[in-house]
Amino acid sequence: MTAWTHDFTLPIMAPADRIFRALTTPSELATWFAEHVEMEPRVGGPFRFWGKHTVGAPSEAEADGKVIAFTPGRSIGFTWRVLGVPSTVTLTVVPDENGARVAVKHELSGPLDQPRPKELIDDWWRFATGNLMVYTMEHGAVMRPDFADSHPEIRVVTYVKAPPSTVFRALIDPALLRQWMGATEHAAVDAREGGTWDLGWRYKVDGKEVAPPPHRILEFVENERFTIEWPDWRGDVSMPKQRVTWQLAPDGDGTTVSLIHAGFTRTVDLSDYPFGWGHFNSELGRVAATL
């Protein structure tokens, strides 16, 4: 692989000026983007970030980025030596009727000495812009994991105003899965340990049709614990399967639902799962509370 470019766009329902401020204010960047940030919003100014919350967990000495383009309220470009490879990044904020779109253009000068390098960069920007989204919308929690962690996982805890038996039913009833998990009319569940949990999903990744196989049910403890096998979302069968567990604990008149997504081979593979699971767990609570 020679020089290559990754493009990614995320709509964010927040004012464009609020998003741009979060992209160009050092104290805000240190809240949602990186552990340590030094930047000046001007051409030639530094744009350095380092620490455990950045892919590769670079040291301060390895952070040598500079601002190479700056249009106030609109875009910022900077250099970034990612995993030792020189690159340039341009972040552009485009207002629209629902808030704004953040467009990422990441140009790398050569190959990364990493497995699945395109997926690594894609997952990094999904993760970073997901944090930008929840930070600027004040909707959910920023999640900044340790990129040196050898056993990364996602934990999402939600309080649901319904008893555990009702929440558990929402996890295994295909009609209810269609209401909160986006399951299709083809969804089917063989509700037992060793059975299957199939959302009927079909979608495209880079032009390729992906049809996830039915998820195998690994644990089935009625009203307490439900665990499924989770394949690579891009349809890469060479990737080890992950595990998603819902733990239900009675809590007053409701239930504390703890979701744990584990089995990732590297931290960057968390991608935008934290924000997706935050949304789905919230929808699970909404639906269960109406039953």
Side-chain angles (χ1 to χ4, degrees), residues 11-13 98 126-127 130-131 133-135 137-143 145 152-203 210-231 233 241-264 270-291:
I12 298 179
M13 289 187 289
N98 296 314
R126 288 175 181 273
F127 194 94
N131 268 338
M133 176 181 65
V134 299
Y135 177 71
M137 291 176 60
E138 299 181 1
H139 183 66
V142 168
M143 180 180 176
E153 65 179 23
I154 297 164
R155 287 182 175 265
V156 177
V157 179
T158 308
Y159 176 76
V160 176
K161 294 180 180 178
S165 58
T166 300
V167 178
F168 197 83
R169 179 159 64 93
L171 290 171
I172 61 173
D173 183 330
L176 297 177
L177 285 168
R178 287 195 286 272
Q179 295 182 42
W180 69 269
M181 191 65 188
T184 74
E185 68 275 13
H186 303 295
V189 178
D190 179 8
R192 60 183 176 84
E193 187 170 317
T196 55
W197 191 80
D198 186 359
L199 298 172
W201 282 353
R202 303 291 185 272
Y203 50 85
V210 177
H215 305 268
R216 189 160 61 96
I217 298 174
L218 304 177
E219 295 180 295
F220 189 97
V221 182
E222 195 165 358
N223 304 334
E224 294 182 14
R225 186 178 180 92
F226 182 66
T227 300
I228 58 172
E229 214 168 43
W230 191 268
W233 71 270
K241 288 186 172 65
Q242 301 144 22
R243 296 165 60 98
V244 177
T245 298
W246 286 267
Q247 295 177 340
L248 313 183
D251 188 349
D253 294 331
T255 304
T256 294
V257 180
S258 300
L259 179 143
I260 304 99
H261 189 162
F264 295 96
L270 296 177
S271 189
D272 50 6
Y273 275 127
F275 318 108
W277 283 127
H279 167 73
F280 284 129
N281 250 28
S282 176
E283 286 295 287
L284 168 64
R286 179 187 62 79
V287 169
T290 65
L291 301 177

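This is a predicted model, so every value here is computed, not measured. When a residue number appears, it is its place in the shown sequence, counting from 1. The analysis underlying the following values was restricted to heavy atoms, covering all of them including side chains, and did not include hydrogens, waters or symmetry mates.
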Considering all heavy atoms of both residues, which atom of Pro214 and which atom of Thr196 are nearest to each other, and what is their separation? CB-CB, 3.8 Å
Smallest heavy-atom separation, Leu270 atom then Ile154 atom, equals CD2-CG1, 3.6 Å
Could you point out which residue of Thr245, Ile172, Leu248, Val167 forms a side-chain contact (heavy atoms from CB on, under 4.5 Å) with Phe226? Ile172
Side-chain heavy atoms of Leu171 within contact of Leu284, under 4.5 Å: yes
Of all heavy-atom pairs linking Thr256 and Val157, the shortest is CG2-CG1, 3.6 Å
Just one of Thr158, Thr227, Asn281 clears the side-chain contact (heavy atoms from CB on, under 4.5 Å) bar with Trp246, so which one? Asn281
Quick one, Ile217 and Asp190 - any side-chain contact, counting heavy atoms below 4.5 Å? no
What are the two closest non-hydrogen atoms of Phe275 and Ala141, and how far apart are they? CE2-O, 4.4 Å
Ring centres under 6.0 Å, that's the criterion: do Phe220 and Phe168 meet it? yes
Enumerate the residue pairs fulfilling side chain to side chain donor-acceptor pair (under 3.5 Å) with a member in residues 161-187, sequence neighbours excluded, ordered by first and then second residue. none
Using a 4.5 Å cut-off on heavy atoms from C-beta on, say whether the side chain of Pro152 contacts that of Phe264. yes
Minimum heavy-atom separation for Pro274 to Val156, with atom names? O-CG2, 4.3 Å
Just to verify, what does Glu153 make a salt bridge (Lys or Arg N to Asp or Glu O under 4.0 Å) with, not counting sequence neighbours? Arg155
Taking the six-membered ring for Trp, are Trp233 and Trp201 closer than 6.0 Å centroid to centroid? no
On a heavy-atom basis, which atom in Arg126 and which in Ser271 lie closest, and how many Å separate them? CD-OG, 3.3 Å
Surrounding NE2 of His139 (heavy atoms of other residues, nucleotides or ligands, distance under 6.0 Å), is the total greater than 12? no
Does Met13, at its CE atom, have more than 12 non-hydrogen atoms belonging to other residues, nucleotides or ligands within less than 6.0 Å? no
Are more than 12 heavy atoms, taken from residues, nucleotides or ligands other than Asn98, located less than 6.0 Å from that residue's CG atom? yes
Do Trp230 and Pro212 have side-chain heavy atoms sitting under 4.5 Å apart? no
Hey, could you give me the CG/CZ distance between Leu218 and Arg225, rounded to the nearest 0.5 Å? 10.0 Å
Between His261 and Trp277: side-chain donor-acceptor atoms closer than 3.5 Å: yes
Decide whether Gln247 and Ser258 meet the rule of one side-chain donor and one side-chain acceptor closer than 3.5 Å. no
When you compare the side chain of Pro213 with that of Pro231, does any pair of heavy atoms fall below 4.5 Å? yes
